[in-house]
Amino acid sequence: MTSTRAPENPADPSPSLRNALTRERAHHDACRAALAAMVEGAGEQVVIGEDVSASGADAEVLGYRLRSQAKALRELPEGPLFFGRLDFGDDGHDGGHAGQSYHLGRLRITEHPGSPPLVVDWRAPVARAFYQASAGDPRGVAVRRRFGWAPGSRGDSADLTGFEDEPLGGEARDAGGKGGEGDAGGVGGEDVGGEGSAPSRLLTAEIERPRTGPMRDIAATIQPEQDDLVRAGLATSVCVQGAPGTGKTAVGLHRAAYLLYTHPQRIRRGGMLILGPNRTFLSYIAEVLPALGEVGVRQSTVEDEIARQPVTAEDDERAATLKHDVRMARVLRRALYARIATGRPDALVVPDGTYRWRVTGDQLERIVADVRREEPEPPYDTGRERVRARIVGLLREQAERRAGPQSNAWAWRMGRSRPVGAFLDSVWPRARPEEVVARLLADPEALAAAAEGLLDAAEQKAVLWPKPPRSWRSARWSAADLVLLDEVAGLLEHPEGYGHIVIDEAQDLSPMECRAIGRRAVFGSVTVLGDLAQGTTPWAARDWPRLLAHLGKPDATVVPLTTGFRVPGAVVEVANRLVGRLDVDVPTARSLRGDGELRMRRVGEVEEAGAAGGARLLAAVVDETVTAVREALAREGSIGVIAPDAETVRLREALAVAGIATGGAEDLRARVAVLGARMAKGLEYDHVVVVEPAAIAAAEARGLHRLYVALTRAVSRLDVVHGWGVPW
């Protein structure tokens, strides 16, 4: 491995490498100038596009695309414009890139659309060799170069502090000529090195860099197994079972960016949706896609996607769990379709001027029955309209036998006539989701009829509203009720879908939530991200096949990621002790990092028993937590204090008395965040202090899963403060 640092460093190995670094900085200056020209040119194209001669629709589409492109370029975050370089050898086994050198960055930069790129987008096909090439399979690459940038760099060329070259075959090239002297090394593969090679200093430093602020992209550090997932095809649905710190969230976001790059038109037509577990998590990941050059992607939660009504009520855990049970889908379907009348109706007579057209009761009964038997079954509202259309068809046959062909306007008038509308309202009445669900949850008899053989009497009593509203318009809806409303809305008509949906923390989704997402991905694909060991909701999944079936993607490929890059080995070792007690079948995680620290901080035994002894022990735990935070502040990086939810206020007050400012989980810029264990999922901190793990585990039915999440939020150091022992 050949490496160099800034010229002012006395340890710099040679003048030739100093010159190479100077040339790379000069290349970055050229890239910066070219990017500025691209931004200015995009703005000029918007002005030109507004004056082009075209149809109104064409001009609108062109204007939208040009404005979107200009906006995306203007909103690019500041930072280094490239992170790596590929030098291809002369042997020709490289797909047409023999003898070429390419700088790789987060977006393509060129001085002119027809000119060779100064920087190649990391998603381009040629860039894959940067992530996949190895000494055993160089893919035509002679040298892979990684660049080192000063922490927090905003893209000043002086911040380029060094580079490392990894010879894979042939000779190294420099931006201004031959170079790259030094011994062989390797980067890539599971050991953040090559096949038996020394690890990359720059790659290791980037992976271990302190976490402050929102989540950042991993375009510079993607590993081969991650790259395979990122570049999976648009038609492929993938489920990633990722242990803590394996980069599953980053993989999902980078796959979204890759699909937007490779299938822009198809994704724009269908749309892209990123689903996270809560808004705090979405704030944490919000800057990743813009940093990769992609803006305008919808990022949301399941609750926000299905929010037909405001949440003003709260269910107890039993009621919420039952409402999220997949059996409720059948209950709701029965309740909706029970509205359709059965049996032979009276004949239908439709006036048309001086004529009267007649449809017999037998014909009407047959029409309704035929529509009910259609495969696949149409949505409820579509079925109603098909009944209308078939009635009109019979009326048209009569009219055309008597008076010849009839116009579409005539057919529309017949279909909207008062007798036809009245018949439809009596046989296949209109329905609103709120009306259907409110009647079901407020009327014991209606629920008993719909739930027969599905829910027992005790379960029916649990889901009924304790105080029925006067009408559905005055109903107060819980979060679980929104899932039911969305199910009925999906039975009425198909919701607008997306071309691709990325679902993070998917293990916590209920079957009914999965169905809500699946309805929006019927004609698209999904990337499912999660860890069964981190399932904390009462309905959390215990296996992936069942969850994928509820999503409507039973054939999705399940891929495990077990190699951790974020969580140090000492922390993973502690967390792995819990896995055997979690009632899930997941591969054991391992970490490539040996730089982490673990400290068990046991508070002394309390001699006094009872409430007074417990209070004394709690006070000691709080004091020890303050000490742990004060020690952590002497080091670099963010600090997360994760405690039982009931103790967060007490801890914030104690830290404030000690002169330590704190924020909550939602305050991504706070140096010290105090948060309840329920808010920790998906977040990460350089130093984590877990307070009283036994209390976290005992607080809820899946408390051990919650504790597993809390322990694995640490990027560098973990302190466990406890007075009642640890549950592992």
Side-chain angles (χ1 to χ4, degrees), residues 329-454 468 470-473 485 487-494:
R330 295 178 61 189
V331 173
L332 291 166
R333 188 186 178 285
R334 285 181 182 177
L336 175 61
Y337 280 90
R339 300 166 66 89
I340 299 175
T342 58
R344 184 179 181 277
D346 294 334
L348 175 65
V349 178
V350 182
D352 181 18
T354 60
Y355 295 106
R356 297 289 185 272
W357 311 120
R358 187 172 186 274
V359 183
T360 68
D362 288 339
Q363 289 175 309
L364 293 172
E365 182 181 16
R366 188 161 51 250
I367 287 173
V368 173
D370 288 347
V371 172
R372 288 294 307 272
R373 286 195 296 265
E374 286 185 0
E375 292 290 343
E377 182 180 70
Y380 181 93
D381 286 350
T382 301
R384 173 185 163 97
E385 292 308 308
R386 289 183 181 176
V387 171
R388 186 198 305 273
R390 295 188 184 189
I391 291 172
V392 171
L394 291 179
L395 298 176
R396 184 192 287 268
E397 289 178 6
Q398 296 179 52
E400 290 183 346
R401 282 197 300 267
R402 181 178 183 89
Q406 301 297 314
S407 68
N408 290 336
W410 178 92
W412 186 90
R413 182 164 52 86
M414 290 294 101
R416 268 64 187 174
S417 65
R418 183 172 297 178
V420 172
F423 170 76
L424 287 172
D425 289 341
S426 65
V427 175
W428 201 301
R430 297 181 185 276
R432 290 180 60 100
E434 289 81 359
E435 183 184 3
V436 174
V437 174
R439 181 170 185 268
L440 191 71
L441 299 183
D443 185 344
E445 292 183 1
L447 178 60
E452 183 180 0
L454 296 172
R470 298 177 65 179
S471 75
W472 67 265
R473 299 181 187 279
L485 290 175
E487 181 73 26
V488 177
L491 291 170
L492 293 174
E493 60 180 345
H494 293 310

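Separating the CG atom in Leu395 from the OG atom in Ser417 is a distance of 7.5 Å, to the nearest 0.5 Å. Distance check, rounded to the nearest 0.5 Å: CZ of Arg396 to CG of Leu394 gives 12.0 Å. Note that CD of Glu493 and OG1 of Thr382 are 7.5 Å apart. Values are rounded to the nearest 0.5 Å. Distance CZ/Arg386 to CH2/Trp428: 9.5 Å, rounded to 0.5 Å. Note that CD of Glu445 is 9.0 Å distant from CZ of Arg439, once rounded to the nearest 0.5 Å. Between Leu491 atom CG and Leu336 atom CG the span is 6.0 Å, to the nearest 0.5 Å.
A pairwise comparison of heavy atoms in Arg388 and Gly415 identifies NH1-O, 2.7 Å as the closest pair. Among all heavy-atom pairs drawn from Gly353 and Arg356, the shortest one is O-NH1, 3.3 Å. The minimum heavy-atom distance linking Ala335 with Leu440 is given by the pair CB-CD1, 3.8 Å. In terms of heavy atoms, Ala347 sits closest to Arg358 at CB-NH2, 3.5 Å. Annotation for Ala431 and Arg339: closest pair CB-NE, 3.7 Å, computed over non-hydrogen atoms.
With hydrogens and angles disregarded, a donor-acceptor distance shorter than 3.5 Å links the side chain of Gln406 to the backbone of Gly404. Checked by atom type and distance alone, the side chain of Arg390 never pairs as donor or acceptor with a backbone atom of Ile367 at under 3.5 Å.
At a cut-off of 3.5 Å, with distance as the only test, a side-chain donor of Gln363 or Thr360 sits close to an acceptor on the other residue.
Using cut-offs of 30° and 60° on the angle between ring planes, the pair Tyr380 and Tyr337 is perpendicular.
Arg413 and Asp352 are joined by a salt bridge, as a carboxylate oxygen and a charged side-chain nitrogen come within less than 4.0 angstrom of each other. Taking a cutoff of 4.0 Å between a charged side-chain nitrogen and a carboxylate oxygen, Glu377 and Arg333 qualify as a salt bridge. A salt bridge does not link Glu434 with Arg473: none of the charged nitrogens is closer than 4.0 Å to a carboxylate oxygen.
Other residues, nucleotides and ligands place no more than 12 heavy atoms under 6.0 Å from the CZ atom of Arg430.
Considering only heavy atoms from C-beta on, Trp412 stays 4.5 Å or farther from Val392 through its side chain. Under the 4.5 Å side-chain criterion, counting only non-hydrogen atoms from C-beta, Pro379 is not in contact with Leu492. By the 4.5 Å heavy-atom criterion applied to side chains, Arg366 and Asp370 are counted as neighbours. With a 4.5 Å cut-off on side-chain heavy atoms, Val427 and Val387 do not count as touching.
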Show the atom names and distances, to 0.1 Å, of all donor-acceptor pairs under 3.5 Å that link a side chain in residues 418-425 to residues at least two apart or in another chain.
from	atom 1	to	atom 2	distance (Å)
Asp425	OD1	Arg384	NH1	3.3
Asp425	OD1	Arg384	NH2	3.1

For this session: Check the pair Arg334 / Glu452 against salt bridge (charged side-chain N to carboxylate O under 4.0 Å, His left out), numbers first and verdict last.
Result: CA-CA 10 Å; Arg334 285 181 182 177; Glu452 183 180 0; 5.9 Å; no

